[in-house]
2 protein chains.
Amino acid sequence: MPGRQSAERLAAEADAGPTWLRSSVAPKLHLTAKSCRAFFEERLAEAGATFAAWTVLAALKLEGPMIQRALAQYLSIEGPTLSRHLESMERRGLVVRRRTDLDRRAATVEIAPDGEEMYNRISSVAISSQQDMLKGLSDREIAQLSTLLDRILENVGPR
Amino acid sequence: MPGRQSAERLAAEADAGPTWLRSSVAPKLHLTAKSCRAFFEERLAEAGATFAAWTVLAALKLEGPMIQRALAQYLSIEGPTLSRHLESMERRGLVVRRRTDLDRRAATVEIAPDGEEMYNRISSVAISSQQDMLKGLSDREIAQLSTLLDRILENVGPR
DNA sequence: GCTAGATAGATAGCAAGCTACCTATCTATG
DNA sequence: CATAGATAGGTAGCTTGCTATCTATCTAGC
């Protein structure tokens, strides 16, 4: 019964008081994600980029031009957060926002030449950072991790 | 060979372009942690508490009074961040900062009566939130997850 | 015993996430 | 066709993380 709820563990934990902070997965997940983010940001900063710029460029490279709403959903951030990022990225010439007559509310975001250049420059940094982060983990372990995270994500809901 | 580096996968990924964003563990880890944090914050908010207050109270309950520096390290946040939290928590009467003559620089943080009250009120919320988050995961799977996160944390370094 | 460097905490200011709300536009319906 | 509601994006302002820097104090070495 692999998916059963573990009554013993949960009861023991409730008895033991605030073991939450020390030994539980929740804070560890939190800390690991925070450290990984910092790790990526540091590496990208050395290459003159930001985390936000990287995710935007990678998304556009992978999916092609998108309107902001779709891009925000894709990146799991809210509209205003993306707006701010795009504002600075457009100022730096990394992307362009193009408004069409088809729907004059929407703005299609595309990679600009300088964005292409930056993408080419930093994609290897992102890839190697990921490799370093997962160093020593086998394919099987990475797949396990991925599955476990999916199941947790399911539990807490796509917010 | 459980700990080997997977040359095939990494090469395939580098070839395939920015699969990073879509299928890799890094963004999933990021999103899962973000969602879990939001999940906890929402539950705690319903009980009139904040995530920061919960972690501070739980740490003090578990470890006893601590000076701010130790508390910040324990919570993996920086001094100024903790200072701000303690400022509002002290205003709300949840904690007290006591300066001793032994080291007049340091401030020992203790739980105040209202903090005790809040802790008792929300600890069950935190425990049940954690249960919900891990619903369907066996002890073995939770232990696996914990180990994998530890190994990643090791790779990206305690920053 | 004095002074240089280390340490605890506070303050200021930046970044990036969020919600609430505004405007402009589109769509669907009477 | 007019208009009510939905939708795209922007603006304002909050929160919580951070770094840099300041003050006060402690400690070690001369």
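Lettering of chains follows the sequences in order, A, B, ..., and the numbering in each one begins at 1. None of these values were measured; they are calculated from a predicted model. Worth knowing before you read on, the calculation uses all heavy atoms, side chains too, and leaves out hydrogens, waters and symmetry mates.
Distance Gln68(A) CD to dA24(C) P: 17 Å, rounded to the nearest Å. Across the protein-nucleic acid pair, His30(A) atom NE2 and dT16(D) atom C1' stand 10 Å apart, rounded to whole Å. The distance between atom NZ of Lys34(A) and atom P of dG17(D), rounded to the nearest whole Å, is 7 Å. When the C1' atom of dA24(C) is taken as reference, atom CZ of Arg69(A) falls 17 Å away, rounded to whole Å. Glu87(A) has its CD atom 13 Å from the P atom of dA16(C), to the nearest Å. The separation between Glu41(B) atom CD and dT19(C) atom C1' is 13 Å, rounded to whole Å. Note: CZ (Phe40(A)) to P (dA15(C)) measures 22 Å, nearest angstrom. Distance Glu78(A) CD to dT15(D) C1': 15 Å, rounded to the nearest Å.
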Under the salt bridge (charged side-chain N to carboxylate O under 4.0 Å, His left out) rule, what do Arg151(B) and Glu141(A) come out as? Steps first, then yes or no, please. CA-CA 11 Å; Arg151(B) 287 163 65 189; Glu141(A) 287 170 326; 2.9 Å; yes

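Regarding contacts with the backbone of dA6(D), every side-chain N or O of Arg105(A) stays at 4.0 angstrom or more from both OP1 and OP2. For Arg99(A) and dG9(D), the shortest distance from a side-chain N or O to OP1 or OP2 is not below 4.0 Å. Residue Ser83(B) places at least one side-chain N or O closer than 4.0 Å to OP1 or OP2 of dA10(C).
For the pair Arg84(A) and Thr100(A), nearest-nucleotide mapping onto DNA chain C gives the more 5' position to Arg84(A). Each of Asp101(A) and His85(A) has a nearest nucleotide on DNA chain C; the 5'-most of these lies closest to His85(A).
The nucleotide whose nearest atom lies closest to any side-chain atom of Thr81(A) is, among dC18(C), dT25(C), dC26(D), dC18(C). Comparing dT25(C), dA16(C), dA12(D) by their nearest atom to the side chain of Pro80(A) picks out dA12(D).
No option in Leu149(B), Leu153(B), Ile152(B) other than Leu153(B) meets the side-chain contact (heavy atoms from CB on, under 4.5 Å) test with Ser35(A).
One cannot find a donor-acceptor pair under 3.5 Å joining the base of dT25(D) and the side-chain atoms of Arg104(B).
A salt bridge links Glu116(B) with Lys61(B); the closest basic N to acidic carboxylate O contact falls under 4.0 Å.
In this structure, His30(A) has its ring center at least 6.0 angstrom away from the ring center of Phe40(B).
Here Ile67(B) lies in heavy-atom contact (under 4.0 Å) with sugar-phosphate atoms only. Across all strands shown, Ile77(A) has heavy atoms under 4.0 Å from sugar-phosphate atoms exclusively, and none from any base.
No donor-acceptor pair under 3.5 Å is formed between the side chain of Ser24(B) and the backbone N or O of Ala26(B).
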